[in-house]
Amino acid sequence: MPETTTGPSTTAWWRTASIYQIYVRSFADANGDGIGDLAGIRSRLPYLRDLGVDALWLTPWYVSPMADAGYDVADYCDIDPVFGDLGGAEALIEAVHEHGLRIIVDIVPNHCSDRHPWFQAALAAGAGSPERGRFWFVEGRGEGGDLPPNDWQAYFGGPAWTRITESDGSPGPWYLHMFTPEQPDLNWEDPGTLAAFEEILRFWLDRGVDGFRIDVAHGLMKKHGLPDVGPVPIPDDLPYQDRPEVHDVYRAWRRVTDSYAGERVMVGEIWLPTPEQYTRYLRPDELHSAFNFEFLCSAWEPAAIRDVIDYTLASHASVGAPPTWVLSNHDTIRHVTRYGREDTSFDMGHKRHDDPSDLALGTRRARAAALLSLALPGGVYVYQGDELGLAEVVDIPVDRIQDPTWERSGHTDRGRDGCRVPLPWSGDAPPFGFSGAHPQAEPWLPQPARWKQSTVAAQSEDSASTLNLYRDALALRRKLISQLPAAVTWIDAGADVLAFSRSDAFTCMVNFSDVPIALPGGYRLLASSDDTAGGGVLAPNAAVWLGADS
Ligand code: NOJ
Ligand code: CA
């Protein structure tokens with residue numbers, strides 16, 4: 001298939017892009033089965049164009065048994081029937097471009113599904129075969145090999161190893177799965193793995209996608225010998241992540257994306273302790289950008305946020321990569337809820353689902369955080385529902401929970417369903433327009449009745465809504481902010497305020513305190529996260545954008 005060019009320009013669009021994350025299962029459902037699909041996304045492209053984002057990132061759409069909501073891929077080159085088909089994906093890519101948007105798809109290289117033909121062939125082929133060499137099959141320890149090969153724990157809880165039974169009924173080796181047992185880790189030391197994924201990248205690049213979000217990008221390589229982590233694991237030196245050899249994979253992939261016209265990009269999902277570590281993946285011949293999880297995890301406190309901003313800017317500048325800013329995604333607790341808690345920080349391993357939250361306060365802070373993140377240099381991510389100010393749904397009945405984390409943790413971690421509830425589009429009752437022409441449909445996760453105030457339709461009518469705040473801010477960002485020099489100049493405005501300018505024409509101020517603060521004179525108000533504040537005042541827990549007084 002010939003190479004395709006995409007999008008209207010070939011400038012480095014990704015350096016300043018606003019990218020909207022679509023959680024495919026929960027965005028829009030066209031056929032009324034209660035699960036979001038590609039036709040649903042197509043029908044909502046005008047909404048996304050009018051919101052003012054530059055690109056879309058779609059969570060996995062591939063054939064999958066859905067043991068981990070599509071992050072268990074059984075065929076990387078076809079679409080799961082619940083979402084549509086390949087023709088529908090091609091039509092969607094084209095329609096996205098017709099709406100002046102770009103599209104990034106999720107690629108899941110650390111593991112595949114246990115139903116993938118690669119794993120099925122490995123099970124069938126037996127010990128020592130090349131098919132088994134694609135995965136990590138290792139003899140167990142202890143008498144009879146009935147203990148796991150090492151002490152690694154899966155991210156969702158429990159041991160990272162499962163023992164197989166050979167076809168003759170005898171107990172076999174164990175295989176590695178850093179997530180669920182249905183997600184066997186691929187062996188990236190096997191040259192066939194790299195070759196296979198290069199083909200997969202080309203398959204989608206040939207179909208016009210503008211790039212890839214790379215799942216668990218830091219995890220592909222494992223330390224030789226698969227050593228124990230020991231009783232006190234060293235976060236900077238874990239044998240299953242951030243191994244030096246992984247960089248060669250991305251250098252090879254970069255050669256692939258660079259061989260296509262149209263600025264195709266790769267965005268890494270890299271959970272590592274510091275930006276200094278993850279920006280090594282952003283050297284000029286590796287990935288283009290990565291999610292800034294330090295920003296997401298930071299407490300909503302001025303000194304902490306300023307620190308994150310400073311070291312994000314410095315570490316990204318050292319490799320020439322654009323910083324990014326992200327407040328929420330499909331794995332975290334929605335930031336309206338986080339910011340309304342006493343402890344406003346986020347820890348993936350300890351989500352504190354039961355912590356109480358003052359949602360009015362959380363909403364004020366989330367609106368301020370929106371203006372802050374959209375004002376900073378680099379790229380920004382908006383997770384579907386951020387623009388509606390949605391809070392985490394903390395009361396999903398336990399018999400409706402779908403996230404495997406719930407079972408794998410022995411019912412101690414409710415998991416991530418609370419940020420994955422289908423979007424409310426319109427109307428007064430569930431499914432709130434999620435299933436379009438099928439008002440009787442039952443969404444795959446229950447929507448709270450209180451969302452009738454949060455629908456796109458309701459918020460479109462309200463000039464003070466979070467949706468309209470995002471629309472106005474994204475428009476200004478495109479017109480003004482994305483053109484500004486990348487440097488941030490801090491302005492001293494007291495311990496409770498973060499203030500910075502990007503030029504004489506643009507200043508952002510955030511008040512983290514509970515009292516109003518006088519704004520400096522000589523500016524024009526461009527945007528405010530608080531509509532109730534009178535002139536000349538920066539309201540509590542609010543942010544403003546100021547322009548030059550003309
Ligand atoms: C990160 C994804 O964002 C998450 O949803 C998934 O469960 C894991 N990677 C495993 O693929
Ligand atoms: Ca559907």
Side-chain angles (χ1 to χ4, degrees), residues 21-44 57-62 64-74 76 79-85 88 104-114 116 154-157 160 177-186 212-220 240-241 267-272 290-291 293 296 326 328-333 348-349 351 381 383 402-409 413 415-420 422-423 431 433-438 440-445:
Q21 181 190 352
I22 292 187
Y23 191 73
V24 177
R25 289 183 83 76
S26 302
F27 185 69
D29 165 32
N31 67 352
D33 64 357
I35 301 176
D37 47 45
L38 304 192
I41 297 171
R42 249 181 105 175
S43 73
R44 296 293 185 181
W57 149 35
L58 270 61
T59 52
W61 56 9
Y62 312 106
S64 167
M66 305 285 170
D68 184 20
Y71 284 96
D72 48 320
V73 179
Y76 290 90
I79 302 296
D80 195 274
V82 84
F83 297 140
D85 58 21
I104 290 174
V105 296
D106 221 310
I107 194 89
V108 189
N110 180 68
H111 45 266
C112 61
S113 163
D114 62 346
H116 194 290
Y155 293 108
F156 295 150
H177 53 83
M178 292 308 300
F179 294 88
T180 69
E182 293 85 3
Q183 293 164 294
D185 275 51
L186 287 156
F212 302 97
R213 176 264 188 191
I214 301 162
D215 190 62
V216 204
H218 54 301
L220 274 43
Y240 46 78
Q241 65 179 40
V267 186
E269 187 220 17
I270 308 171
W271 285 93
L272 289 176
F291 300 99
F293 292 126
L296 185 154
V326 54
S328 283
N329 69 25
H330 65 292
D331 293 328
T332 64
I333 300 274
M348 183 65 113
K351 299 197 189 75
Y381 287 85
Y383 175 46
Q402 311 261 338
D403 186 348
T405 313
W406 176 239
E407 291 301 329
R408 302 286 305 160
S409 68
D413 182 344
R416 303 159 293 177
D417 287 352
C419 64
R420 298 176 172 182
L423 283 195
F434 171 68
S435 293
H438 306 271
Q440 306 307 325
E442 188 179 358
W444 70 280
L445 287 173

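Each ligand, and each atom within it, is numbered from 1 in the order the structure gives.
- Look at R416 and D68 and you find a salt bridge, because one of the NZ, NE, NH1 or NH2 atoms lies within 4.0 Å of a carboxylate O, short of that distance.
- For the Ca ion (ligand 2), the tally of protein N/O/S atoms lying closer than 3.0 Å stands at 5.
- In the vicinity of R416, heavy-atom distances shorter than 4.0 Å reach the ligand 1 atoms 4 (C), 5 (O), 6 (C), 7 (O).
- To the nearest 0.5 Å, atom CG of residue L423 and atom OH of residue Y23 are 12.5 Å apart.
- The closest approach between a heavy atom of Y155 and any atom of ligand 1 is not below 4.0 Å.
- Interatomic distance, L220 CG to D215 CG, rounded to the nearest 0.5 Å: 9.5 Å.
- Remark: the backbone N or O of S328 is not paired with any side-chain donor or acceptor of T332 at under 3.5 angstrom.
- The heavy atom nearest to atom 7 (O) of ligand 1, out of those in D68, T59, V216, is found in D68.
- For F156, every heavy-atom contact with ligand 1 shorter than 4.0 Å involves the side chain, none the backbone.
- By the 4.0 Å heavy-atom criterion, M348 is excluded from the residues contacting ligand 1.
- The closest approach between any non-hydrogen atom of M178 and ligand 1 is not below 4.0 Å.
- When atom types are taken as modelled, the side chain of T59 and the backbone of V24 share a donor-acceptor pair closer than 3.5 angstrom.
- For the pair Y71 and H330, the minimum side-chain heavy-atom distance is below 4.5 Å.
- The main-chain N or O of D72 is found under 3.5 Å from a side-chain atom of S64 such that the two form a donor-acceptor pair.
- Of the possible polar contacts, one joining the D29 side chain to the G32 backbone as a donor-acceptor pair under 3.5 Å is found.
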